[in-house]
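Note sheet for the following structure.
The figures here come from the full heavy-atom set of this structure, side chains too, leaving out hydrogens, waters and symmetry mates. Just so you know, residue 1 is the first one in the sequence shown, and it goes up from there. What you see is a predicted model; the values in this text were computed from it and never measured.
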Amino acid sequence: MPSSRPNLGSAAASHVDQLPAYGAAGTPFGGDSEEAGVWPNDVRNAKLLDHVAPIWNNPEPPADGTLYYDLVSIGAGAGGLVSAKQSSRRGFRSALIERHLAGGDCLNVGCVPSKALLRAAKAAKERRGGDLGMKPDTPTPDFPAIMARLRDCRVKIAPADAAATTASVGCAVFRGSAVFTGPNSLLVTPSSDCPSQSPIPINFGKCVVAVGGTALIPPQIPSLKTVPYHTNATLYNLTALPPRIAVLGGGPIGLEMAQAFALLGSKVTVVLRGPKPLPKEDPDAAAAVTAALVGDGVEFLSNCTISNVSTTQNKAGWTPERPCHDGKFPTIRIEYAGGKEKLEVDLLLVATGRKANTGGIGLEKAGVTVDPKAGGVVVVNDLLQSPSNPDVYAVGDCASKMQFTHLAGTHAQMVVDNALFGGNRKCSDLVVPWATFTEPEVAHVGVYGHEAEEGTLDTYTSGLKGNDRAICDGDEMLGGFVKVHCLKGTETIVGATVVAPHAGEMISELTVALQFKIPLGQRGLGGVIHPYPTVSDAVGGCGFQCKVARWGKVAEGGDEIAPMRKEDRGKDKRKVVKETHQEMGGAGGGGAEVMAKGFFGGVLFAMAAFVAANQVLAKRK
């Protein structure tokens with residue numbers, strides 16, 4: 001490997017200086033011209049683009065005209081950023097190519113802006129609620145200010161994904177579109193705002209395809225092409241609150257935004273093809289979220305077949321490419337039930353799934369295949385390697401049905417080990433949690449109970465209705481719970497679902513347990529002391545139930561102890577009871593029964609049970 005790292009690319013100018021020109025154009029700006037830019041043309045967005053889509057001097061080719069890198073990553077989302085930067089830090093020559101916005105969907109039009117919007121929506125709900133003893137307040141949300149804060153959040157987080165940050169670790173950065181020209185070569189066409197427009201040929205040892213995904217527009221509604229619909233790529237350009245919104249799709253993206261906009265004051269209708277939202281989720285979890293959204297004013301249309309979509313009034317020629325910043329929304333009509341029913345809205349959000357961004361990058365010239373039946377994802381083996389071209393790997397949304405930022409980053413780390421260090425890290429070894437950030441949140445890891453074969457699992461559920469902290473926070477009626485699945489007759493955790501205000505934070509404890517085979521009972525999570533009062537003590541509640549199932553018991557009508565465990569059979573009766581009690585953590589072990597009795601009630605219950613058992617044994621002695 002060459003010892004020097006020259007020619008990494010550099011910023012040529014600032015978007016902040018270009019704002020007058022952008023303002024005159026009156027359209028979203030920045031990134032690839034074929035993609036949706038950002039709006040409005042304010043300093044916040046200009047600073048964002050200086051990080052993630054800078055006006056950039058690309059690295060210059062050498063005298064022979066071709067650059068070489070040990071590893072090239074196409075796409076600067078989580079997968080591309082991690083693979084390119086980590087390989088550079090570990091001593092290899094690497095390059096990162098991005099045609100649109102570094103940071104991918106997550107930073108720009110996904111995780112970050114959606115969570116900022118959800119936080120504002122939650123604050124609006126809390127101000128309106130009077131169930132905590134406060135006098136209810138009914139403020140009108142300042143939507144432009146809420147969106148300005150959203151843009152501030154992006155700018156604060158953007159430096160981690162910035163082109164300059166990537167170059168600072170020795171990785172070459174290219175702004176432009178990459179197309180494969182052979183099994184180990186590609187051509188970069190510079191972005192339109194790059195000073196030099198000369199195509200740049202690149203040869204590589206290994207390549208990581210990390211091009212991410214995009215919204216899937218349902219082909220069974222051809223009239224969608226005629227209306228100015230939104231996807232997540234354009235939604236966060238809004239600066240005015242739509243009075244009426246229709247959301248097509250009942251998955252995580254659709255439900256998060258439906259709840260957020262309803263709490264901010266929009267009349268929101270979720271249109272479902274099937275009977276209920278979150279169809280892949282635990283049924284109890286889906287029911288809890290649905291009830292919460294209905295309580296927040298969201299309406300659902302189930303089993304709905306859309307026959308036509310049309311624009312009945314288009315004010316000021318509104319399109320997604322020319323965002324509505326003055327409140328003059330179009331009127332969109334959705335016809336369903338064979339045209340017998342109609343719904344008129346001001347904004348249509350399409351959230352019906354995702355597909356991979358694998359088109360137009362010449363994968364066929366590299367000998368790499370995709371699976372059109374799986375949304376165009378790259379076909380890879382368990383090492384994330386293309387079977388037809390072992391020098392090409394794929395990560396993240398373009399390589400997996402599980403489309404999560406945290407998984408893309410993990411994929412990238414695996415690929416660096418596998419491609420450059422001969423590693424053997426496998427996707428089949430991963431334990432991947434995920435969360436939907438509605439209120440309450442839903443988080444899951446491992447096996448679902450409703451998908452497992454009947455009779456193969458023991459399921460322990462601890463509801464939040466009696467959780468002391470949930471009661472104090474006013475969250476006990478959200479229908480929350482912790483549900484843990486173990487292999488039948490064992491304490492081996494194989495799956496878990498959490499429904500709670502901070503389920504995404506709580507699932508990590510259960511993920512660690514599942515990944516490192518920590519049991520649910522006394523010698524595992526059931527033996528962990530959870531701080532009181534916390535909602536996470538519901539995890540301990542499941543552990544408590546698992547322990548109770550294995551307690552030693554005094555048999556009725558005789559002197560025999562009937563322990564659940566084989567190793568206790570034949571032991572002294574009182575010794576078995578004491579050992580079982582000690583394994584439960586002494587008198588305080590009963591405190592895990594918060595689901596039914598609360599913390600202190602559980603303590604008293606356990607103490608009373610222990611005393612009573614010893615009194616019975618003493619009399620029989």
Side-chain angles (χ1 to χ4, degrees), residues 1-10 56-99 102 161 163-188 190 199-211 361-363 365-368 378 380-381 383-396 398-399 408-425:
M1 291 178 289
S3 58
S4 61
R5 305 278 183 90
N7 209 11
L8 302 177
S10 61
W56 192 253
N57 291 312
N58 282 322
E60 297 180 0
D64 64 4
T66 302
L67 291 161
Y68 173 83
Y69 297 97
D70 302 305
L71 184 143
V72 173
S73 297
I74 304 176
L81 285 164
V82 172
S83 56
K85 292 163 76 172
Q86 192 173 108
S87 56
S88 180
R89 288 189 177 106
R90 298 177 73 173
F92 289 88
R93 287 194 64 175
S94 68
L96 178 65
I97 307 168
E98 173 56 57
R99 71 171 189 168
D161 299 341
T165 302
T166 302
S168 71
V169 300
C171 176
V173 177
F174 293 84
R175 292 271 305 125
S177 300
V179 176
F180 286 96
T181 56
N184 292 84
S185 62
L186 50 83
L187 186 70
V188 176
I200 305 168
I202 293 176
N203 292 335
F204 59 83
K206 306 291 181 182
C207 181
V208 179
V209 179
V211 293
I361 61 173
L363 286 170
K365 293 185 179 180
V368 176
V378 178
V380 293
N381 59 23
L383 303 179
L384 293 167
Q385 182 182 42
S386 168
S388 52
N389 184 345
D391 288 334
V392 175
Y393 293 73
V395 301
C398 67
T410 299
H411 277 174
Q413 296 176 50
M414 293 170 57
V415 162
V416 172
D417 284 343
N418 294 344
L420 300 179
F421 292 92
N424 192 40
R425 296 180 62 179

Query raised in the report: Do Asn184 and Asn203 have a side chain donor and acceptor closer than 3.5 Å?
Result: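 No - no donor-acceptor pair under 3.5 Å links their side chains.
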
How close do [X] and [Y] get, counting heavy atoms only, and between which atoms?
X	Y	value
Phe180	Gly362	CB-O, 3.2 Å
Phe204	Val72	CB-CG2, 3.8 Å
Gly396	His411	N-ND1, 3.0 Å
Ala366	Asn389	O-ND2, 2.7 Å
Ala172	Tyr69	CB-OH, 3.5 Å
Val380	Pro387	CA-CD, 4.0 Å

Side-chain donor-acceptor contacts of residues 57-68 below 3.5 Å, not counting sequence neighbours, with atom names and distances?
| unit_1 | atom_1 | unit_2 | atom_2 | d |
| --- | --- | --- | --- | --- |
| Asn58 | OD1 | Arg175 | N | 2.7 |
| Asn58 | ND2 | Arg175 | O | 3.2 |
| Asp64 | OD1 | Thr66 | N | 3.2 |

Does [X] reach the main-chain N or O of [Y] with its side chain, forming a donor-acceptor pair under 3.5 Å?
X	Y	answer
Gln385	Tyr393	no
Ser386	Val392	no
Trp56	Pro190	no

Query raised in the report: So how far is it from Cys171 SG to Phe92 CZ, rounded to the nearest 0.5 Å?
Result: 13.5 Å

Query raised in the report: What is the distance from atom CG of Leu186 to atom CD1 of Ile97, rounded to the nearest 0.5 Å?
Result: 5.0 Å

Query raised in the report: Of Ser83, Ser87, Ser94, which is the lone residue that meets side chain to side chain donor-acceptor pair (under 3.5 Å) with Ser73?
Result: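 It is Ser83, the one option of Ser83, Ser87, Ser94 that forms the side chain to side chain donor-acceptor pair (under 3.5 Å) with Ser73.
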
**Report entry** Arg425: which of Asn418, Asp417, Thr410 passes side chain to side chain donor-acceptor pair (under 3.5 Å)
**Finding:** Asp417

Query raised in the report: In a check of side-chain contact (heavy atoms from CB on, under 4.5 Å) between Val415 and each of Leu420, Val395, Val82, which one passes?
Result: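 Option passing the side-chain contact (heavy atoms from CB on, under 4.5 Å) with Val415: Val395.
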
Does a side-chain heavy-atom distance below 4.5 Å link [X] with [Y]?
X	Y	value
Leu96	Phe174	no
Val209	Cys398	yes
Val211	Ile361	yes
Leu384	Met414	yes
Lys85	Thr165	yes

Requested in this report: Could you tell me whether Arg90 sits above the aromatic face of Phe421, with NZ or CZ closer than 6.0 angstrom to the six-membered ring centre and within 45 degrees of the axis?
Outcome: yes

Query raised in the report: Thinking salt bridges, do Lys206 and Asp391 make one under a 4.0 Å N-O criterion?
Result: yes

Query raised in the report: Who are the side-chain contact (heavy atoms from CB on, under 4.5 Å) partners of Thr181, not counting sequence neighbours?
Result: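 Only Ser185, Leu187 meet the side-chain contact (heavy atoms from CB on, under 4.5 Å) criterion with Thr181.
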
Report task. Begin from the C-alpha positions of Leu363 and Val378 and carry the test side-chain contact (heavy atoms from CB on, under 4.5 Å) through to its verdict. Result -> CA-CA 9 Å; Leu363 286 170; Val378 178; 4.2 Å; yes

